[in-house]
Every structure is written in structure tokens, then in C-alpha cells.
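One structure is given below, encoded as C-alpha cells.
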Amino acid sequence: MPLLYTIGKLTVAPALRLAFRPTVEGLEHIPETGGAIFAGNHLSVADELFLGTVVPRHLAFWAKSEYFNGSGVKGALSKFVLTGLGAIPVERAGGRAALSAFDAAIPALRSGELVAVYPEGTRSPDGRLYRGRTGAARLAVAAGVPIVPVGMVGTDKAQPIGVRVPRPGKAKIIIRFGKPLDFTGRPDDRTSLRAMTDELMAEIQKLTGQEYVPRYAPRRGEPG
């Protein structure tokens, strides 16, 4: 476990548990050993904090590459923190650059690490669950590891978009883990990846109770 992540486990995690008292369901679905992908809905930047708080093992999060490439003191600090936490940079523009995240994640998963991804690709703008992108399924097939569905409830109230830090007392935080999905041996053609992703999103919806929207979530600044 990276040193900075360990420090966070000993300091930030207990503070969050004390301040928010999150309810956790399905801990028995978290594998004690071996690689796995944690794939959940994305309501708030606080999702990573609470997920990292309740999962006992190290979680490597996919993070936008912009967070690694900022300028000035703020940019340098962001890169230092994310690198220290073991985050994996993702190029959202697509193409060969976007595959660098897979290049980093696949050997980590095969060696027994855990990686967290958000299939929606961005935070939900309105609290609904949007169509999933196929990256999580593609990664699971390539690495030969299961996907653990994750449902976050209340994080968008505790830390809405635009709010810098989570606010205690604003909502009850619930984190639910579903039964792992094993896609080992499934083909990785477009049709199969779409079917696996839809299956994953259906499991996430069961955990959250969100209204499902059968289209991709708009990026921030894009029309809905």
C-alpha cells in the first residue's frame, strides 16, 4: 500500500467514519486477496473518499489526466497527492493516449491489486444513473478479474458539485457492495462488451435505486 494512502487510512478514514458514520452493506463481497475492479455510480468527488475509507485494501482510482498535468503550486500538489495515493491517470480524449490507463491497470490487477472505476465516465449531473461506458468490462476481460458493483447513496448531498469538502449532517451516507460479476472467458467484441456493461449497470442500479437514463452523461459544460 502506498505510503500516502496508508497515512490517509490512519488519519482521514477514521475522521470520515466518525463525522459521517457511513452505513456499509455487502462487505462480504470484497475479495480478501487477488485482483478485482470496483465499479460504481458517481455522484460526487466524495465517492472516492468514502470508498477508500471502507475498503480495507488499497484501491487505485482512475483519475483524469488533467489532475496530473496542472501548472503552478496547485498542479504540483495535485500530482504529488495522486501519485502518492497510487492513482492511475486517464486520458478522456480517447485514442492511444486513453489506452495508457489500461496499460497501467492490467498488470496491477493481474498481480492482485484493486482498481476503482466509474463506468459513467463523469459525475451524474442530476443524481440519476447514466449509461455505462465499456472500459470496466474491457479491463475485466483483459485482466481476468471480477468486477464488484458499488452503489453510493447520499454523497451528492454531503458534497454537491462545487462544494470543496464533504459536510457532515447533510445526508446519510450508504455504501453497498454487490456480488462480484465474473466475465472471465467472455469475448471482447463490441456487442459483448456492451452487454456486460449493461449487466453491470443493472446491478449498480439495484444497489442505489437510482432512475436509469439510457444515454451517456454529459460532461461538465456540455448540454444535457
Side-chain angles (χ1 to χ4, degrees), residues 1-20 22 37-109 113-125 133 135-136 139 150 152 154-171 173 175 217-223:
M1 186 178 295
L3 178 59
L4 197 57
Y5 199 96
T6 300
I7 293 172
K9 275 289 192 182
L10 296 174
T11 55
V12 177
L16 285 175
R17 285 195 294 266
L18 180 63
F20 292 89
I37 299 165
F38 284 67
N41 60 321
H42 200 11
L43 297 173
S44 166
V45 294
D47 295 336
E48 291 95 334
L49 287 173
F50 287 104
L51 187 57
T53 292
V54 302
V55 174
R57 298 171 58 191
H58 172 247
L59 269 174
F61 288 92
W62 277 4
K64 292 187 296 184
S65 61
E66 299 96 287
Y67 294 149
F68 292 83
N69 302 323
S71 58
V73 175
K74 183 177 179 181
L77 179 61
S78 175
K79 180 179 180 180
F80 170 78
V81 170
L82 289 173
T83 302
L85 292 174
I88 299 172
V90 178
E91 292 282 354
R92 298 202 300 181
R96 175 60 240 177
L99 295 179
S100 63
F102 284 83
D103 295 339
I106 289 173
L109 288 165
E113 296 294 322
L114 305 178
V115 173
V117 303
Y118 294 104
E120 291 171 280
T122 188
R123 284 171 285 169
S124 171
R133 299 178 185 272
L139 185 60
V150 181
M152 309 292 291
T155 52
D156 54 334
K157 304 295 190 301
Q159 189 176 3
I161 293 174
V163 175
R164 291 184 177 275
V165 295
R167 303 174 298 180
K170 295 296 181 179
I173 305 296
I175 303 125
R219 307 289 190 188
R220 292 188 67 182
E222 294 180 354

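- In this structure, I173 CD1 and F50 CZ are separated by 4.5 Å, a value rounded to the nearest 0.5 Å.
- In this structure, CG on L59 lies 11.5 Å from CD1 on I37, to the nearest 0.5 angstrom.
- The line from CD1 of I88 to OG1 of T83 is 11.5 Å long, rounded to the nearest 0.5 Å.
- The CZ atom of R57 sits 7.0 Å away from atom CD of E113, with the distance rounded to the nearest 0.5 Å.
- Using cut-offs of 30° and 60° on the angle between ring planes, the pair H58 and Y5 is perpendicular.
- Across all their heavy atoms, T122 and P218 have their closest contact at CG2-O, 3.7 Å.
- Scanning all heavy atoms of the two residues, the minimum distance from V117 to A136 falls at CG2-CB, 3.7 Å.
- Shown here for A46 and P166, the closest heavy-atom pair between the two residues is CB-CG, 4.1 Å.
- The minimum heavy-atom distance linking P89 with A87 is given by the pair CD-O, 3.8 Å.
- Taking the side chain as every heavy atom from C-beta outward, F38 and L114 approach each other to under 4.5 Å.
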Atom pairs and distances, side-chain donor-acceptor, residues 154-161, under 3.5 Å, sequence neighbours left out:
{"unit_1": "T155", "atom_1": "OG1", "unit_2": "D47", "atom_2": "OD1", "d": "2.6"}
{"unit_1": "Q159", "atom_1": "NE2", "unit_2": "V163", "atom_2": "O", "d": "3.0"}
{"unit_1": "Q159", "atom_1": "NE2", "unit_2": "R164", "atom_2": "O", "d": "2.9"}

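- Across R17 and T53, no two heavy atoms sit closer than the pair NH1-O, 3.3 Å.
- Nearest heavy-atom pair across F80 and L4 is O-CD2, 4.3 Å.
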